[in-house]
Structure formats: C-alpha cells, structure tokens
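Down below is the structure, laid out as structure tokens.
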Amino acid sequence: METYIMSLDQGTTSSRCILFDKGGNICSMAQKEFTQIYPQPGWVEHDPMEIWSSQLSVAAEAMAKINVNAGQIRGIGITNQRETTIVWDADTGRPVYNAIVWQCRRTADRIEQLKKDGWEQRIKERTGLIPDAYFSASKIAWILEHAVDAREKAEAGKLRFGTVDSWLIWNLTRGKVHATDYTNASRTMLFDIRNLRWDQEILDYFKIPESMLPRVYPSSHLFGMTDVSFLGGEIPIAGAAGDQQAALFGQCCFEEGEVKNTYGTGCFLLMNTGKKIINSSAGLLTTIAATADCDSAVGDAKDAKDCVNYALEGSVFVAGAAIQWLRDGMELVRNAAESERFAAQVEDTDGMYLVPAFAGLGAPYWNPYARGTIVGITRGTSRAHFIRATLESIAYQTADLLHAMEQDSGIGLKSLKVDGGASANDFLMQFQADVIDADTVRPGCIETTALGAAYLAGLAVGYWKDQAEIRANWKPDKTFLPSMDEKKRAALLKGWRRAVKCALAWAEE
Ligand code: ADP
C-alpha cells in the first residue's frame with residue numbers, strides 16, 4: 001500500500017494539509033481559512049481553538065480525499081506562522097488568551113522601553129534578532145500582565161507558552177508533549193542561538209517563568225505520537241520548523257551559501273550560512289535554519305550544535321502586495337498574472353522607477369517613514385511602463401537584500417532558488433536573474449514550505465534515507481539565466497538607488 005508524509009502548514013490566514021509521496025509529489029491537499037480578529041487598530045489575534053480545529057479538520061479531509069488511513073501516514077511534519085504566541089493552562093489545556101499574531105503591534109511601546117533600558121545590543125548578540133514587537137517575548141509578557149490570574153498561575157508553574165507548532169504538538173498528543181524546535185525557538189527573542197538554550201537574563205527581564213517554556217529539539221525529531229482518537233491511529237510527529245526555515249529546507253538549501261527567495265505578499269530571503277553566526281551590518285536578522293542530521297543531539301546542548309545551521313534573513317515588505325495594488329487600487333490590471341503581459345509590451349520602463357515603500361523601507365535602508373515614490377515620468381509614460389516598473393521594483397528590492405547578504409557573509413551568490421505566488425511570473429524571474437547576474441531557478445513544486453516540513457519528518461522516520469535522496473527530488477521547472485550586459489545592469493541599478501534616495505528624502509521633513 002502507498003505510504004505518505006503528512007505536512008501540516010499552519011499559516012497566518014489558513015490551515016492547510018498536504019500529503020506527499022516519496023517523490024515529493026502532492027497527492028492530496030485540503031485548506032481552510034480561519035477568522036482574523038482585530039480588536040483595535042494595529043492589534044491582530046487568532047482563536048487558538050480555531051487554529052487547532054481547522055488544522056485537525058484539514059488533516060482528516062486530506063486523508064479522506066484519497067482514502068488513506070493512519071497506517072499509511074508514516075509521519076507528520078508541522079510548519080507554521082512564526083512568532084505568534086499562545087499561552088494555555090496546563091491542567092485544562094484551555095488558552096488563557098487569544099493567540100497574539102506576529103503582525104500585532106500592541107507591544108511596540110514595550111520594545112521602545114527595552115531599547116531605552118539599553119537592551120538592544122544584548123538582544124541582538126544573544127538572539128540574532130533586532131528587538132521588535134513581532135517576536136514572542138513581549139507578547140508573552142503582555143498576556144501575563146493582562147489575562148485573568150495569569151501571573152499567579154504562571155508563577156505556580158501552571159501555564160504553558162508555545163508558538164503555533166508547540167500548540168499543535170500539545171493538542172495532537174493530548175497534552176503529553178510540550179516541545180518546539182530550534183527554528184521556532186529562535187523567533188521568540190528569548191533563545192540564546194549560540195548556546196541553544198533559553199536565555200535566563202532575557203526571561204528575567206520580561207518576567208517570564210522558565211516553567212512555561214517548551215523543551216527545544218532539532219527540527220527533524222520524533223516529538224511524540226498523535227493521540228489515537230484524532231486521525232484513527234497513532235502517527236509519529238517527526239518534524240517541525242517555522243515557515244521560512246521550512247521553505248529553505250524544502251528548496252534543498254542544505255549547504256552554506258544556498259539562498260531561497262519566496263515571492264508572496266512580501267518577499268522572504270534566507271541564506272544558509274552553515275555553522276557561522278553572522279552579525280549583519282545591514283540590519284538583517286540571524287536565525288536558526290533547520291538541519292536534518294541530528295539523531296544524537298536531543299537535549300544535549302553540546303551535541304545539539306551539530307544539528308543546527310544558521311541563516312541570514314531579510315524581507316521585502318511590499319512585493320506581491322504591489323501587484324495587488326495595481327489590481328485593486330490602481331485598477332491597471334484585472335488579475336496579477338496579467339501584469340506579465342503588459343510588462344512584455346515595452347522594451348523597458350523608459351527611465352521610470354517606482355519605489356513601493358508603502359509602509360517604509362526595510363533592510364538595508366531601514367526607514368519607517370519612507371513612502372511610495374515614482375520618478376522619471378514623461379509624456380511618453382504608459383500603463384505598460386507603470387506596470388513594468390512595479391514588477392521591476394520587486395526584483396530591485398530583492399537585489400538590494402542579496403547584495404547586503406553577500407557583503408555580510410562574504411559568500412558570493414551562486415544561484416537563487418525561488419518560490420511563492422509571484423514566482424510564477426516569467427518576466428519578473430528573468431528580470432531578477434538579470435539584475436542579480438545569477439541563475440534564478442524555479443522548482444517544479446513551489447509548495448516548498450509544506451514540502452520542507454514533510455522532508456524533516458520523513459528523514460526522522462526513515463521515509464527518506466538522507467538529504468541526497470531528497471535533493472534528487474528537487475527538479476527545476478525553469479531556470480532563468482542572466483542575459484543583460486554589465487553596463488546596462490549597472491545603469492539600471494544606479495537609477496534604482498537614485499529613486500530610493502528620493503523616497504528617503506521625502507521622509508526627511
Ligand atoms: P502569500 O502567501 O503571502 O499570501 P502567495 O505566495 O500566495 O502569497 O502569492 C500571492 C501574491 O503573489 C499576491 O500578492 C499576488 O499579487 C502575487 N502574484 C500572484 N501571481 C502573480 C503573477 N503572475 N505576477 C505577479 N504577481 C503575482
């Protein structure tokens with residue numbers, strides 16, 4: 001009988017389940033959106049029980065669709081929206097508050113305070129992160145301060161914290177296992193990424209009792225078995241990783257210097273830096289990447305170092321979102337795919353640049369006040385130029401990040417592996433290859449996040465023998481080779497940087 005690995009992909013807007021076979025092919029998929037809760041401007045919550053119930057129901061649905069039973073599922077891998085914070089009662093299993101979603105800004109003041117208290121540098125050194133309300137630490141502190149009786153219960157050792165992976169593992173094992181993996185731990189802003197343990201000083205600073213925290217394991221590891229009542233049998237939960245790290249693994253970026261970029265609403269660019277922890281001078285984050293070879297490492301911090309790699313991470317705030325804006329705000333295209341046809345109608349943008357700094361600019365510029373800027377418009381500027389400039393801006397922003405990564409790491413880019421919705425755009429991918437002067441490769445399976453989680457689980461249970469076997473599954477759909485001459489590339493990039501200067505200048509007063 002055919003066997004599968006189940007991937008639970010718990011995202012920000014939907015819960016999905018995909019069943020993969022040995023070839024890494026998608027054999028079944030089910031997906032369910034869930035409620036976004038906005039109690040106040042800038043606040044975002046999810047109902048943890050809805051996260052759990054939607055995830056469980058899509059798992060059952062994906063199995064039913066192709067009529068497989070629990071005995072045919074060799075293992076489960078979990079990948080999840082990162083940083084989102086859940087605190088629950090260990091006795092009842094009930095959350096004490098809604099999940100505070102990564103996007104939620106309610107603790108921004110707390111982070112300002114942290115900076116005033118002089119903790120910024122320490123946080124960077126220990127956790128690899130630039131202090132921000134995104135990460136779990138200040139969200140846990142907020143729940144302990146605001147949820148009824150939370151502080152007393154936490155001090156009495158009765159509360160548990162988890163990112164979404166932990167919450168799902170806890171529920172799937174009916175409260176038997178409270179665990180997370182290194183990649184998710186590295187996004188809490190509480191984890192010492194050098195010594196691979198919770199950082200007692202940061203915990204004390206945020207007044208978070210250590211008894212709340214999950215035990216941290218490698219991403220490819222037997223976390224526990226699902227309770228028999230859920231999916232009709234006990235299935236090993238054998239992999240967990242945050243979504244971007246799972247995608248890096250799903251793209252088979254196992255070696256130092258390998259890079260992937262996900263083109264979604266925003267872009268997420270990650271470079272595997274191997275055993276090196278790189279302190280970025282351009283405001284990139286250092287984070288833990290998923291690694292497979294870690295059998296002996298469980299619970300022992302010394303051995304554990306063998307089972308993590310590190311990564312540099314940067315993000316573009318507005319990427320596919322700019323194409324949504326062309327469609328919904330500007331009404332220049334009817335759908336995102338149409339942007340490709342318009343862009344191909346013109347030779348170039350005729351000197352026009354669009355900097356989509358709708359919500360400020362991130363690395364390497366870091367200016368929250370910058371705003372969208374269009375320069376170089378003439379009487380000849382047409383709708384096609386406008387659309388093309390918007391697509392090109394996604395590639396330029398990626399090029400800026402890549403350049404920063406290369407400088408920080410001293411590692412030259414060999415090729416860029418791409419995925420995400422907007423990677424379907426051939427014009428964009430060719431332009432990307434041209435401006436970074438490197439091969440840009442789109443794999444056949446662009447569900448790399450779910451696939452990465454499946455690989456991590458499958459390696460732990462021996463469904464796949466080793467990374468080499470997985471790498472053999474990775475097949476390019478299309479490779480885009482750079483074909484722009486050096487002079488033109490340099491001129492275009494120079495123009496882009498001038499345009500960015502204009503966006504920054506606008507923010508000055
Ligand atoms: P997310 O996971 O962030 O929701 P997806 O990976 O589903 O994103 O990709 C959707 C994004 O990609 C949207 O912002 C959409 O505008 C953009 N997009 C989808 N198809 C294309 C295309 N052919 N060309 C350009 N952008 C596209």
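The first residue in the sequence is number 1, and the count goes up from there. Whatever order the structure lists ligands and atoms in, that order sets their numbers, starting from 1.
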For G420, the ligand 1 atoms whose distance to one of its heavy atoms is below 4.0 Å
6 (O)
Do you see a protein non-hydrogen atom under 4.0 Å from atom 7 (O) of ligand 1?
no
Heavy atom of the protein closest to atom 16 (O) of ligand 1 (residue, atom name, distance)
G320 O, 3.0 Å
Using a strict 4.0 Å threshold on nitrogen-to-oxygen distance, state whether D243 and R82 make a salt bridge.
yes
Kindly indicate, with the supporting measurements, whether the criterion side chain to side chain donor-acceptor pair (under 3.5 Å) is fulfilled by T262 and D419.
CA-CA 5 Å; T262 301; D419 53 55; 2.5 Å; yes
Determine, considering heavy atoms only, which of A337, S423, G266 sits nearest to atom 23 (N) of ligand 1.
A337
Below 4.0 angstrom from a heavy atom of Q324, which ligand 1 atoms are there? Numbered from 1 as shown, please.
13 (C), 14 (O), 16 (O)
What protein heavy atom sits nearest atom 3 (O) of ligand 1, and how far off is it?
T265 OG1, 2.6 Å
At a 4.0 Å threshold, what atoms of ligand 1 neighbour a non-hydrogen atom of S339?
24 (N), 25 (C)
Atom 20 (N) of ligand 1: nearest protein contact (heavy atom, Å):
G421 O, 3.5 Å
Going by the ring-ring contact (aromatic ring centres under 6.0 Å, His included) test, which pairs reach into residues 8-33, not counting sequence neighbours?
none
Among all protein heavy atoms in this structure, tell me which lies nearest to atom 21 (C) of ligand 1, with the distance rounded to 0.1 Å.
A336 CB, 3.6 Å
Is it true that a side-chain atom of T183 and a backbone atom of G242 form a donor plus acceptor pair closer than 3.5 Å?
yes
As a test of understanding, state which of T107, T85, D132 forms a side-chain hydrogen bond (donor to acceptor under 3.5 Å, both in side chains) with S138.
T107
Counting non-hydrogen protein atoms only, what is the nearest one to atom 24 (N) of ligand 1? Give residue, atom name and distance.
N425 ND2, 3.0 Å
Would you tell me whether Q245 and Y182 have side-chain atoms, one donor and one acceptor, within less than 3.5 Å of each other?
no
Residue A321 vicinity, atoms of ligand 1 by number, heavy atom under 4.0 Å:
14 (O)
Atom 12 (O) of ligand 1 sits nearest the protein heavy atom A422 N, 3.5 Å
For W43, ring pair (Phe, Tyr, Trp, His ring centres under 6.0 Å) partners two or more places apart
W142
